[in-house]
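Along the sequence shown, residues are numbered consecutively beginning with 1.
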Amino acid sequence: MEKIASFTVNHIKLQPGIYVSRKDSVGAETITTFDLRMTSPNEEPVMNTAEVHTIEHLGATFLRNHPVFKDKTIYFGPMGCRTGFYMLLAGDYSSKEVVPLVTELFEFVRDFKGEVPGAAPRDCGNYLDMNLSMANYLARKYLDQVLYGIREDRLIYPE
């Protein structure tokens with residue numbers, strides 16, 4: 001079998017950032033998949049499922065209510081390796097073009113207080129597995145260490 005594109009990324013050199021993972025054509029539309037890498041693969045601990053689950057709920061809620069991107073949001077969810085998230089948008093975008101959106105998204109997660117949207121037995125299959133304070137912390141870390149003043153080398157996959 002052919003190796004899929006995400007397994008060809010050099011995870012030894014990969015650092016937290018925003019990367020275009022792939023672009024797919026669906027009819028006349030382009031779908032851009034972004035790799036929102038929050039931790040350095042194989043170098044630092046992965047995120048625990050509770051905070052990943054919380055960020056997923058908050059991120060999806062934010063994007064699907066965004067005044068500009070709500071109708072362009074295809075998907076927001078975690079990577080299986082728990083080092084980041086995938087964000088799929090309808091449209092042909094570069095990493096640099098979505099920095100403001102991703103920054104706004106993680107500011108929302110950082111600042112969120114109260115009941116996590118969808119964290120109820122009727123709405124979610126694992127509603128008790130949530131950790132808002134760690135989600136707030138990880139969003140703050142991603143903003144402070146990566147998104148605010150993001151460097152060019154954190155926008156293009158390493159060779």
Side-chain angles (χ1 to χ4, degrees), residues 4-23 31-70 72-119 126 129-159:
I4 64 171
S6 63
F7 296 154
T8 65
V9 174
N10 186 341
H11 285 72
I12 295 169
K13 293 182 178 179
L14 186 59
Q15 293 298 307
I18 301 173
Y19 305 97
V20 172
S21 176
R22 59 185 291 143
K23 293 186 182 192
I31 306 296
T32 305
T33 299
F34 292 96
D35 171 337
L36 308 182
R37 193 66 59 152
M38 294 180 67
T39 66
S40 179
N42 305 308
E43 284 185 359
E44 61 182 311
V46 298
M47 297 177 284
N48 292 313
T49 59
E51 46 264 32
V52 167
H53 192 199
T54 305
I55 294 170
E56 175 193 17
H57 276 237
L58 293 173
T61 298
F62 171 83
L63 289 167
R64 294 184 188 283
N65 284 280
H66 192 275
V68 175
F69 286 93
K70 67 181 175 185
K72 297 176 181 188
T73 298
I74 305 298
Y75 175 77
F76 177 82
M79 296 175 179
C81 61
R82 297 180 299 162
T83 62
F85 292 83
Y86 287 116
M87 178 178 74
L88 281 69
L89 298 177
D92 187 354
Y93 297 100
S94 69
S95 295
K96 186 174 251 176
E97 288 175 300
V98 299
V99 169
L101 174 65
V102 175
T103 300
E104 191 180 349
L105 185 161
F106 281 93
E107 287 172 339
F108 175 80
V109 174
R110 177 197 64 199
D111 299 337
F112 191 87
K113 303 293 179 230
E115 294 296 316
V116 175
N126 194 11
D129 190 28
M130 297 277 177
N131 188 336
L132 180 57
S133 61
M134 275 304 293
N136 298 148
Y137 168 81
L138 289 170
R140 181 180 312 106
K141 180 178 181 250
Y142 190 45
L143 287 161
D144 292 344
Q145 295 182 5
V146 181
L147 297 178
Y148 293 148
I150 193 165
R151 300 187 329 246
E152 288 292 323
D153 67 331
R154 300 296 180 99
L155 296 169
I156 299 168
Y157 278 136
E159 294 293 320

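Side-chain contact check for Val99 versus Leu155: some heavy-atom pair is nearer than 4.5 Å. Under the 4.5 Å side-chain criterion, counting only non-hydrogen atoms from C-beta, Phe34 is in contact with Tyr93. Looking at heavy atoms from C-beta onward, Val146 lies out of side-chain contact with Ile18 at the 4.5 angstrom threshold. Contact annotation: the side chain of Leu58 approaches that of Phe108 to within less than 4.5 Å [non-hydrogen atoms, C-beta and beyond]. Considering only heavy atoms from C-beta on, Ser40 comes within 4.5 Å of Gln15 through its side chain. The side-chain heavy atoms of Glu107 and Tyr148, taken from C-beta on, include a pair separated by under 4.5 Å. Side chains of Asn136 and Lys113 form a contact here, defined as non-hydrogen atoms less than 4.5 Å apart. Asn131 is not listed as a side-chain neighbour of Asn48, based on a closest heavy-atom distance of 4.5 Å or more.
Taking all atoms of both residues into account, the shortest heavy-atom contact from Phe106 to Leu143 is O-CD1, 3.5 Å. Here the shortest heavy-atom pairing between Asn10 and Glu159 reads ND2-O, 3.5 Å. Nearest approach of Ile55 to Ala135, heavy atoms of both residues: CG1-CB, 3.7 Å. Scanning all heavy atoms of the two residues, the minimum distance from Thr61 to Pro117 falls at OG1-CB, 3.6 Å. Residues Glu97 and Asp92 come closest through the heavy atom pair OE1-O, 4.0 Å.
The local environment of NZ in Lys23 is crowded, with over 12 non-hydrogen atoms from other residues, nucleotides or ligands closer than 6.0 Å. Annotation for Tyr137: atom OH does not count as buried by contact number, only 12 or fewer foreign heavy atoms lying within 6.0 Å. No more than 12 heavy atoms of other residues, nucleotides or ligands lie within 6.0 Å of CZ in Arg22, so this atom counts as exposed by the packing criterion.
From Leu147, atom CG reaches atom OG1 of Thr103 across 4.5 Å, with rounding to the nearest 0.5 Å. Put simply, CD1 on Ile74 and CG on Leu63 are 11.0 Å apart, with the number rounded to the nearest 0.5 Å. Rounding to the nearest 0.5 angstrom, the gap separating the NZ atom in Lys13 from the CG atom in Asp153 is 12.0 Å. Annotation: the span from His53 atom NE2 to Asn126 atom CG amounts to 6.0 Å, rounded to 0.5 Å. For the atom pair CD1 of Ile31 and CG of Leu89, the computed distance is 8.5 Å after rounding to the nearest 0.5 Å. The CZ atom of Phe69 sits 7.5 Å away from atom CE of Met87, with the distance rounded to the nearest 0.5 Å.
Ion pairing between a basic and an acidic side chain is recognised when a charged N comes within 4.0 Å of a carboxylate O; Lys141 and Glu44 show such pairing. The pair Glu152-Lys96 counts as a salt bridge, with a side-chain nitrogen and a carboxylate oxygen less than 4.0 angstrom apart.
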Exercise. Would Met38 and Leu138 satisfy side chain to side chain contact (heavy atoms under 4.5 Å, CB included), going step by step from the backbone distance to the final call?
Worked result: CA-CA 8 Å; Met38 294 180 67; Leu138 289 170; 4.1 Å; yes

List the steps and the verdict of side chain to side chain contact (heavy atoms under 4.5 Å, CB included) for Phe62 and Val109. CA-CA 9 Å; Phe62 171 83; Val109 174; over 6 Å; no

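If you check the side chains of Arg37 and Thr83, you find a donor sitting under 3.5 Å from an acceptor. Of the N and O atoms on the side chains of Asp35 and Thr33, not one donor lies less than 3.5 Å from an acceptor on the other residue.
Thr54 contributes no side-chain N or O that, together with a main-chain N or O of Met130, makes up a donor-acceptor pair within less than 3.5 Å. Not one N or O on the side chain of His57 forms a donor-acceptor pair closer than 3.5 Å with the backbone of Val116. Counting only distance, with no hydrogens or angles, the side chain of Thr32 and the backbone of Gly91 share a donor-acceptor pair below 3.5 Å.
Classified by interplanar angle (parallel below 30°, tilted 30° to 60°, perpendicular above 60°), the ring pair Tyr19/Tyr157 is parallel.
Applying the ring-ring contact (aromatic ring centres under 6.0 Å, His included) criterion to Phe76, with sequence neighbours excluded, gives Phe85.
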